[in-house]
Protein chains: 2
Amino acid sequence: MMDRKPQILDVASELLQTRSFTSFSYQDLSDRLGISKASVHHHFASKEDLLLALTARYRAGQRKKLAELDAQSESPVERLDAYLAWMTELASGGHKICPLGTLQAEFNVIPEAVRADILELFDYAKRWLSGVLTDGLDRGEMEFEGSPTERAVFILSAVQGALQIARAAGPKEFTAVTSQIKLALKPRTEKVSS
Amino acid sequence: MMDRKPQILDVASELLQTRSFTSFSYQDLSDRLGISKASVHHHFASKEDLLLALTARYRAGQRKKLAELDAQSESPVERLDAYLAWMTELASGGHKICPLGTLQAEFNVIPEAVRADILELFDYAKRWLSGVLTDGLDRGEMEFEGSPTERAVFILSAVQGALQIARAAGPKEFTAVTSQIKLALKPRTEKVSS
DNA sequence: GTCTATAACGTGATAGAC
DNA sequence: GTCTATCACGTTATAGAC
């Protein structure tokens, strides 16, 4: 079959998110794809190559998805909601965690070349979310203390941690966190009707 | 030398927090302790035994530490501060992450027997922090929406995620999160002097 | 692009001497 | 309690045929 590369990346991505980079092997890929280990190596010579292709795809996916969210709604609250929904979906109901999370958990172990990609993945999300929060502040849809950048890091940390906690302790923990993220941004000044 | 067991656990703990459970080996322990692999096996027959001893020690340390924090101050704000300081210290300035975090990141890979310990570790922290937040609410030192339990999970998620993010992106990200955690709990109603 | 076969090495774990 | 030696196996990766 054609286009083996994306197929391999699909399986590799699932293994990365359910296990970890060190904890999956070419043998695992071989088994699940029904082709030999050598064939996998033909497409991605080394595990480092494979991971680099994976992070490149994550970065492209992230750019595309966040641009879509921006296009679908101008409302900061709705864009944040959509982002949180994306994270839930990405975790596939609780068996996977965030790719960024699993890679950062093994930061000292993974090939050096991918570390820059990991930082960019985080930085891009931080800038995007910071922008959403700034908009929310300007429009009066949100209210919080401290800078939007700090709040963005706060939220990203919580989401990353919550996905890991939820996989171990159940999905209820994740919804608790998304609920709290939204509650903590709600303006306390009540609006008089129109 | 006597008391090898705790020495081994010390090194194992450091390797767990800097690398990951799958990513350190008996060889690593052997090298750093200056004794043979077989000697390490003498104290902990299997890697599962080793990890169980480690999580048991984490649980004991957690109980002791949190009891100390409760004893040192009655103020919820101060107890939370002390908890956050403990987490910073535990990360040793940024090269380690939270033990719970690294174990949850590899939840599907680690021996089944330790999963109960991981859940208890999280649950105990959740109950403790939830109690601190309830106190804070009662005393008027804190103010937040939603239940104390939900807020506790929110904060624990953020701390766990922030330690991982900070190791990759620098300590500034962690202080941003601790700062935000505190800011988001500050009462907005201004007190009239005395 | 896929395969079989194999190399070179690291892994967790055990046997048995001291 | 520590050691040397070894086992059985899984790992990443390569060679070369089809």
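Below, chain A is the first sequence line, B the second, and so on; all start at residue 1. For clarity, every value in this text was computed on a predicted model and none was experimentally measured.
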Atom-pair distance ([atom1] on [X]; [atom2] on [N]), nearest Å:
X: Leu33(A); N: dG1(C); atom1: CG; atom2: P; answer: 14 Å
X: Gln7(A); N: dT2(C); atom1: CD; atom2: P; answer: 9 Å
X: Phe44(B); N: dT11(C); atom1: CZ; atom2: C1'; answer: 19 Å
X: Gln27(A); N: dT6(C); atom1: CD; atom2: C1'; answer: 15 Å
X: Ile8(A); N: dG1(C); atom1: CD1; atom2: C1'; answer: 10 Å
X: Leu29(A); N: dA13(D); atom1: CG; atom2: C1'; answer: 14 Å
X: Arg19(B); N: dT11(C); atom1: CZ; atom2: P; answer: 11 Å
X: His41(A); N: dA13(D); atom1: NE2; atom2: C1'; answer: 5 Å

Check: Any cation-pi pair here, Lys47(B) with Tyr26(B), using under 6.0 Å and within 45°?
Finding: no
Taking OP1 and OP2 of [N], is either one under 4.0 Å from a side-chain nitrogen or oxygen of [X]?
X: Ser39(A); N: dG1(C); value: no
X: Ser25(B); N: dT11(C); value: yes
X: His42(A); N: dA13(D); value: no
X: His43(A); N: dT2(C); value: yes
X: Tyr26(A); N: dT11(D); value: no

Notebook entry, point to check: If you measure only the distance, is there a donor-acceptor pair under 3.5 Å linking the side chains of Ser23(B) and Thr22(A)?
Noted result: yes
[options]: which one has an atom nearest the side-chain heavy atoms of [X]?
X: Ala38(B); options: dT4(D), dT11(D), dA15(D); result: dT4(D)
X: Lys47(B); options: dT2(C), dA13(C), dT2(D); result: dA13(C)
X: Lys37(A); options: dT14(C), dT2(D), dT11(D); result: dT11(D)

Note to self: Any carboxylate oxygen within less than 4.0 angstrom of a Lys/Arg side-chain nitrogen, looking at Arg57(A) and Asp10(A)?
What the structure shows: yes
Notebook entry, point to check: Do Tyr124(A) and Tyr58(A) make the cut of ring centroids closer than 6.0 angstrom?
Noted result: no
Item checked: Closest non-hydrogen atom pair, Leu121(B) against Gln62(B) -> O-NE2, 2.9 Å
